[in-house]
Every structure is written in C-alpha cells, then in structure tokens.
**Student:** 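Below is the structure I would like to discuss, written out as structure tokens.
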Amino acid sequence: MPPTRILAGAPLALLLLALSGCSSWGCTDTTAKRGKAGVRVQVEDATGRPLDVTAEVVDWRLEPHPQVPDRGDEVHFHYRFDGADEYSGPAVDACAVDKQRVAMLCQTVYSSEAFGPNGDHTGDAWLEVEHPEQVAAVLLIPNDRSQDRRTCEQDVKDGGGPHPPKPAFKGDQL
C-alpha cells in the first residue's frame with residue numbers, strides 16, 4: 001500500500017480509537033479546592049458550586065463511648081443536614097481540631113445517616129482522638145464527598161471529571 005494511502009487513513013483510525021473509548025485523550029480529571037471548614041457550612045459539589053444543603057455541628061462534648069468506656073473520653077458530636085433528603089444526599093468530613101484549627105482526627109458523615117427519630121435530619125458520631133483534652137472544636141469541611149467519580153487512571157472510558165479534594169488528615173490546617 002502506498003504511503004500516501006496509509007497517511008490518508010490515519011486520521012480516520014485515530015477518530016475511531018477515540019470514539020471507541022480506547023484513547024485517554026478526551027479524559028481529564030479536576031480536583032476541587034478544599035472549602036473553608038466551619039461549624040456551619042453550605043455544602044459544595046465537586047465543581048465548587050453550592051448545593052441547597054447546609055451541614056452543622058449542633059453540639060459536641062468529651063465523654064466515654066458507652067460501648068467501650070475503658071478507652072476514656074472521646075469526642076461525641078451531633079450534626080444536622082438541612083435541605084437533604086432521606087435517601088440520597090451529600091456527605092462531608094467532620095474534624096476534631098485544636099485551638100490552631102489543626103485536624104486531630106476526621107471522618108466522613110453522611111446526610112443519609114442523619115435522620116433522627118422525629119425526622120429532624122440529625123445524626124451523631126464519635127471521634128477517638130489521641131489527646132481529647134486538646135480538642136477546641138468540631139468543624140465540617142463543605143466539600144461533598146458522597147459521589148467521587150473514578151479517575152481517568154482508574155477508568156479511561158467512563159472516568160474523569162470533577163472530584164472532591166483529598167480527605168483531611170491528622171495535622172492538616174483547617
């Protein structure tokens with residue numbers, strides 16, 4: 001086959017590869033910037049747009065967990081989601097922080113688990129921190145963690161798009 005014929009067919013072959021999902025050229029990942037943590041936050045989607053949901057730490061205290069009192073004091077907190085429905089909705093990271101707003105421990109709390117006995121959209125959780133006496137607050141990070149898509153690296157064909165920021169870890173400044 002003459003080289004000109006091969007070259008003439010190359011763009012068509014590349015187009016077919018791209019349309020078949022065999023190419024990563026069209027797959028891009030973006031990661032949202034971590035929102036400002038607070039006691040009450042407007043939840044944001046992975047693109048940074050606010051959702052019609054707020055999340056709030058209603059109260060917190062240090063006390064032994066009733067199932068494992070031997071471990072000593074833990075952070076017991078109540079949280080509320082306003083605007084979320086019962087079956088689907090956002091999830092945010094809750095972090096116990098010290099006076100400088102440095103994370104001591106974080107965990108994700110889900111709006112779908114925040115439906116109290118009277119439908120008041122509240123839930124509670126426990127954080128077992130190393131030095132509970134240093135906890136100054138429990139803060140929420142507004143980025144929705146409920147629907148993190150697969151990355152391009154994990155799935156070239158169906159992955160990619162916006163992603164929430166990495167979860168907060170012990171030592172992160174909030």
Side-chain angles (χ1 to χ4, degrees), residues 21 24-63 74-130 132 134-174:
S24 64
W25 294 340
C27 188
T28 57
D29 289 304
T30 58
T31 302
K33 196 173 169 191
R34 182 182 292 161
K36 182 171 173 52
V39 173
R40 181 178 169 88
V41 295
Q42 176 85 36
V43 181
E44 304 171 357
D45 69 12
T47 65
R49 288 188 300 237
L51 301 175
D52 290 331
V53 177
T54 57
E56 177 180 14
V57 175
V58 178
D59 65 22
W60 70 274
R61 62 189 165 281
L62 298 176
E63 62 184 357
E74 295 184 24
V75 180
H76 183 204
F77 67 99
H78 291 87
Y79 58 93
R80 176 176 53 230
F81 283 90
D82 290 322
D85 65 46
E86 264 183 79
Y87 305 105
S88 63
V92 297
D93 285 341
C95 300
V97 298
D98 65 14
K99 289 180 184 176
Q100 288 78 37
R101 294 174 60 108
V102 174
M104 299 173 74
L105 186 67
C106 300
Q107 95 179 36
T108 304
V109 293
Y110 296 83
S111 63
S112 60
E113 297 173 358
F115 288 86
N118 302 320
D120 57 3
H121 308 285
T122 61
D124 75 315
W126 295 82
L127 295 168
E128 183 184 359
V129 298
E130 197 170 322
Q134 294 178 6
V135 175
V138 176
L139 302 178
L140 302 174
I141 299 173
N143 305 90
D144 181 11
R145 304 205 61 76
S146 66
Q147 298 189 13
D148 192 9
R149 307 169 50 114
R150 296 175 60 83
T151 64
C152 293
E153 187 176 294
Q154 294 168 325
D155 187 346
V156 167
K157 184 176 175 214
D158 296 321
H163 301 277
K166 290 184 178 173
F169 291 102
K170 180 179 178 179
D172 286 357
Q173 178 73 47
L174 302 181

**Student:** Applying the side-chain contact (heavy atoms from CB on, under 4.5 Å) test to Val138, which of Val75, Leu105, Val39 qualifies?
**Tutor:** Val75

**Student:** Has Gln173 got more than 12 heavy atoms of other residues, nucleotides or ligands less than 6.0 Å from its CD?
**Tutor:** yes

**Student:** Which atom names give the shortest non-hydrogen contact between Asp59 and Arg61, and what distance separates them?
**Tutor:** OD1-NH1, 3.9 Å

**Student:** Give me the atom names and distance for the closest heavy-atom approach of Phe77 to Trp60.
**Tutor:** CB-CB, 3.6 Å

**Student:** Any side-chain heavy-atom pair from Trp126 and Glu63 closer than 4.5 angstrom?
**Tutor:** yes

**Student:** Angle class for the His78/His76 ring planes (parallel below 30°, perpendicular above 60°, tilted otherwise)?
**Tutor:** tilted

**Student:** Between Asn143 and Gly35 (side chain of the first, backbone of the second, donor and acceptor by atom type, cut-off under 3.5 Å), is there such a pair?
**Tutor:** yes

**Student:** Considering non-hydrogen atoms only, spot the tightest contact between Leu174 and Ala168 and give its length.
**Tutor:** CD2-CB, 4.2 Å

**Student:** Enter the distance from Lys36:NZ to Gln42:CD here, rounded to the nearest 0.5 Å.
**Tutor:** 15.5 Å

**Student:** Around atom CD of Glu153, are there more than 12 heavy atoms of other residues, nucleotides or ligands at under 6.0 Å?
**Tutor:** no

**Student:** Is a side-chain N or O of Gln154 found less than 3.5 angstrom from the main chain of Thr151, in a donor-acceptor match?
**Tutor:** yes

**Student:** Mind listing the closest non-hydrogen atom pair of Ala91 and Thr108 along with its distance?
**Tutor:** CB-CG2, 3.7 Å

**Student:** Hey, what do you get for CG (Asp45) to CG (Leu51), rounding to the nearest 0.5 Å?
**Tutor:** 5.5 Å

**Student:** Once rounded to the nearest 0.5 Å, what's the spacing between atom SG of Cys95 and atom CG of Leu127?
**Tutor:** 8.0 Å

**Student:** Looking at every non-hydrogen atom in both residues, tell me the closest pair between Asp172 and Pro167 and how far apart they are.
**Tutor:** OD2-O, 4.2 Å

**Student:** OG1/Thr122 to CG/Asp82 distance, rounded to the nearest 0.5 angstrom?
**Tutor:** 10.0 Å

**Student:** Just by modelled atom types, is the Pro165 backbone N or O under 3.5 Å from a matching donor or acceptor in the Arg145 side chain?
**Tutor:** yes

**Student:** Okay, side chain of Arg101, backbone of Ala37: is any donor-acceptor separation there less than 3.5 Å?
**Tutor:** yes

**Student:** Could you measure the distance from the OH atom of Tyr79 to the CG atom of Asp124? Nearest 0.5 Å is fine.
**Tutor:** 7.0 Å

**Student:** Under 4.5 Å between any side-chain heavy atoms of Leu139 and Val57, yes or no?
**Tutor:** no

**Student:** Testing the basics here: between Val97 and Met104, what is the closest heavy-atom pair and its distance to 0.1 Å?
**Tutor:** C-SD, 3.9 Å

**Student:** If we ignore hydrogens and angles and just use 3.5 Å, is the side chain of Asp29 paired with the main-chain N or O of Cys152 as donor and acceptor?
**Tutor:** yes

**Student:** Would you confirm whether Asp144, through its side chain, and Glu44, through its main-chain N or O, come within 3.5 Å as a donor-acceptor pair?
**Tutor:** no

